[in-house]
Number of protein chains: 2
Amino acid sequence: MKIDPQNRADLSAQIAQAIRDAIVSGDLIVDERLPSEAELADQFEVSRPTVREALKRLAAQSLIRTQRGATGGAFVNRLSFEDAYSQQITTSTLLLSMNAVSFDTACEARFALERACAALAAQRRTADQLATMRAEIHRQAQPGLTDEAFCASDVNFHRALVDGAGNPVLSYQLAGAVEAMQPLMNMITFTARSREEIITLHNRIADALEKRDGSEVDATLVELENYTRKLARDVAQKWRKPA
Amino acid sequence: MKIDPQNRADLSAQIAQAIRDAIVSGDLIVDERLPSEAELADQFEVSRPTVREALKRLAAQSLIRTQRGATGGAFVNRLSFEDAYSQQITTSTLLLSMNAVSFDTACEARFALERACAALAAQRRTADQLATMRAEIHRQAQPGLTDEAFCASDVNFHRALVDGAGNPVLSYQLAGAVEAMQPLMNMITFTARSREEIITLHNRIADALEKRDGSEVDATLVELENYTRKLARDVAQKWRKPA
DNA sequence: AGATTTTATTTGTCTGACATTTAAAAGTCT
DNA sequence: AGACTTTTAAATGTCAGACAAATAAAATCT
C-alpha cells in the first residue's frame, strides 16, 4: 500500500484505488484488519474525512466491512455470492434502463445464457429445485395475478432452472441477466391466452428436467424465446398505432 | 427522495440507498443534476460530510459523477458498457479468488457461457473480429512468449469470439467470466506441446467461424474445455507429488 | 462589441470536536 | 479464588465551521 503521487486531485479516489489494489493483489487477505482511520490518514498524509470517503467507496463495493468499538475497524470482506449477485443485478438493471438496450437484444442475451445452463441443469437438478419450479408454475396459473407478480414468479422459475446447473459461478452470472430483464418484461401485458402458452412451455421445461432430457429443455427454451419476442413485437405494434 | 426513518444508524448508507432508489426507479434521470451537497444535507438533516460519504458510495458504483465549479455538482451518470465491464471484472475476480472456487467450476461456467455465443457468433462475426482472432493465434504461436502473455492473448481471442455474437449485453456479461479466469489460468504452465494443441483448437474455431459453422465452433469449444480441464488436473497432480 | 476582471457557487479538503459502540482491563463482592 | 460489575480506552460515526480550488456567469473596462 504505497504513497500517492503528488497529484493532489481526487485524493479519496486514489486512496481507495491503492487499498483496492492491495486487496486484489492479495497483499491484504480476507478478514485482515486495515489500519485505523487515523493511522491511514497519517500514512497517506491526508485528513480523516478523506480516508473515510475512500473507505466508503470500498464499502459500496462490499470490499470491506466496518465494525465499531474497541476492536473495531475496517476489515477485508469475503465477497459472498449474495453480495456479488445484488451488485450484478443493480449494474445490469441500470445498464439496460440507461442505454436503450432493445428488448430483442436483452431477450436474446438472456435466453442464450439460460440455454447454456440447460444441459447441466438436466444432469444435476435436485428434487428440491424441480419442486420450486412446479410451485412457481402453479402460482403463475392462478387467476387474478397481476402482471408484476406473474413476472416475479417467472424470474423465480428461471432462477431455479439456472441454479439447477449446480454451478455457483453460472448462477451468479445469470442472476443479473435474468433479473435485469424483469422491468422490461413488466412492460408486457400478459393476456390470459399468453400466460397459458407460457405456462405450457414452463411445464414442458419442468417435465424435460424431470426426465433429465437436456436437448428437450434447450428446444423448449428456444420456443419460449421466440414466443416472448413475438409478444414484445405485438406490444410494440400496439403502441405504434393505438386504438 | 424521501426522509430516512429515525434510525440514526449508518446514515450515509441510508442516504446512498435513497438516492440509488431514486435513480433506479427513474425519479432521477440520466444527466440530471442532484441538489448541491449543502442542500442535500439540509433535506436529510445531516451534515455535509455525511452526505459526501453517501455520494462517494454512489460514485464508486459509477452511478453519479461529480464536477467542480459554479455549475458543478453531482450528476446522474449514464452507466456505460465499459464501466459495467470493469466493475464486473473486479467483482468476478474477487469472487473467484476469495471463495476457493475450484478451477473446474470456473472453467465449466466460462465455457458454458462461451458456447452460448457460438451459434450467434458464427452467424454474425465480422471480418474484423475474425482478423483479431487470427492475429492472436499468430501471437500465441510465437516462441519465447511468457505464460502470462500467452494467457492474455487467450483472453483477447475469446473476447473477440464473444464480441462476434454482436450482442453487447452478452459481451458485458461474459467479459467478467472470461477475464476473471485469467489469474487461475496463469497458474498453469503451458508446455510447448500444450500450447500447440490449444493453437490447433483455436485455429479450428477460427476456421469454423469463417465458414459460419456454429455447431463446429460449439464442438471445438467442448474439446477445448476438456483439454483445459485435463491440463489443470495434470498441474494439480504434479503439485500433489512433486519430483 | 469584445476582451478582461470580478464574483458567486460548488466541490474537495482540513481541523477539531463530540457521540456511540465495543471489548478488554480494573475493580468489587461473595 | 471466582464471578460479576464498573471503568476505561480505542475505534468508528457524526457534526460544525473553515478555507482552497475550480468553474462559469456577471460585471467591468477598453
Side-chain angles (χ1 to χ4, degrees), chain A residues 1 3-20 22-23 28 30-77, chain B residues 1 3-20 22-23 28 30-77:
Chain A
M1 218 130 78
I3 326 132
D4 311 315
Q6 293 315 316
N7 179 11
R8 309 287 289 181
D10 254 336
L11 280 177
S12 72
Q14 285 179 46
I15 293 169
Q17 191 58 52
I19 299 177
R20 188 176 4 253
I23 295 176
L28 292 168
V30 168
D31 291 337
E32 185 169 341
R33 185 180 171 282
L34 280 95
S36 74
E37 295 177 353
E39 284 172 313
L40 286 172
D42 275 354
Q43 277 185 34
F44 289 110
E45 296 178 357
V46 296
S47 70
R48 217 187 117 210
T50 304
V51 168
R52 280 184 63 77
E53 286 180 6
L55 294 180
K56 293 308 165 194
R57 292 180 120 103
L58 300 175
Q61 299 176 300
S62 307
L63 275 152
I64 60 169
R65 63 178 184 280
T66 54
Q67 205 175 357
R68 276 164 69 158
T71 58
F75 297 83
V76 178
N77 198 27
Chain B
M1 215 131 79
I3 326 131
D4 309 316
Q6 293 315 316
N7 179 11
R8 307 288 289 181
D10 253 336
L11 280 179
S12 74
Q14 285 179 46
I15 293 168
Q17 191 59 51
I19 300 177
R20 192 184 350 261
I23 295 176
L28 292 168
V30 168
D31 291 337
E32 186 170 340
R33 186 180 171 283
L34 278 86
S36 74
E37 294 177 353
E39 284 172 312
L40 286 172
D42 275 353
Q43 277 186 36
F44 289 111
E45 295 178 357
V46 297
S47 70
R48 219 187 115 211
T50 305
V51 169
R52 280 183 64 77
E53 286 180 7
L55 293 180
K56 293 308 165 194
R57 293 180 117 105
L58 300 175
Q61 298 176 301
S62 307
L63 274 151
I64 60 170
R65 63 178 183 281
T66 54
Q67 204 175 356
R68 275 164 67 158
T71 58
F75 297 84
V76 178
N77 198 28

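Reminder, nothing fancy here: chain letters follow the sequence lines and each chain counts from 1.
Note that CD1 of Ile15(A) is 10.5 Å distant from CD of Glu45(A), once rounded to the nearest 0.5 Å. Put simply, OG1 on Thr66(A) and NZ on Lys56(A) are 4.5 Å apart, with the number rounded to the nearest 0.5 Å. Leu55(A) contributes atom CG, which lies 7.0 Å from atom CG of Leu34(A) (distance to the nearest 0.5 angstrom). Between atom CG of residue Leu63(A) and atom CD1 of residue Ile23(A) there is a gap of 5.0 Å, rounded to the nearest 0.5 Å.
Atom CG in Asp42(A) sits about 12 Å away from atom P in dC14(C), given to the nearest Å. Rounding to whole angstrom units, CG of residue Leu40(A) and P of dG13(D) are separated by 13 Å. Atom pair Ile64(A):CD1 and dA11(D):P shows a separation of 16 Å (rounding to whole Å applied). Phe75(B) places its CZ atom 11 Å from the C1' atom of dT11(C), with the value rounded to the nearest Å.
The minimum heavy-atom distance linking Arg33(B) with Gly73(B) is given by the pair NE-CA, 4.2 Å.
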Requested in this report: Report the C-alpha separation of Gln17(B) and Arg20(B) in whole Å, then their side-chain angles, then the decisive distance to 0.1 Å, and conclude whether the side chain to side chain contact (heavy atoms under 4.5 Å, CB included) test is met.
Outcome: CA-CA 5 Å; Gln17(B) 191 59 51; Arg20(B) 192 184 350 261; 3.4 Å; yes
Requested in this report: Give the C-alpha distance, both sets of side-chain angles, the deciding distance and a yes or no for side chain to side chain contact (heavy atoms under 4.5 Å, CB included) between Leu58(A) and Asn77(A).
Outcome: CA-CA 10 Å; Leu58(A) 300 175; Asn77(A) 198 27; over 6 Å; no
Polar atom pairs (N or O), protein with nucleotides 3-10 of chain C, under 3.5 Å:
from    : atom 1 : to       : atom 2 : distance (Å)
dT9(C)  : O2     : Ala70(B) : N      : 3.3
dT10(C) : O4'    : Gly69(B) : O      : 3.1

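Of the residues in residues 48-63 of chain B, those placing a heavy atom less than 4.0 Å from an atom of DNA chain D are Arg48(B), Thr50(B), in numerical order.
Within the structure, no pair that satisfies the salt bridge (Lys or Arg N to Asp or Glu O under 4.0 Å) test touches residues 66-77 of chain B, not counting sequence neighbours.
Within the structure, a side-chain polar atom (N or O) of Thr66(B) is placed less than 4.0 Å from OP1 or OP2 of dG12(C).
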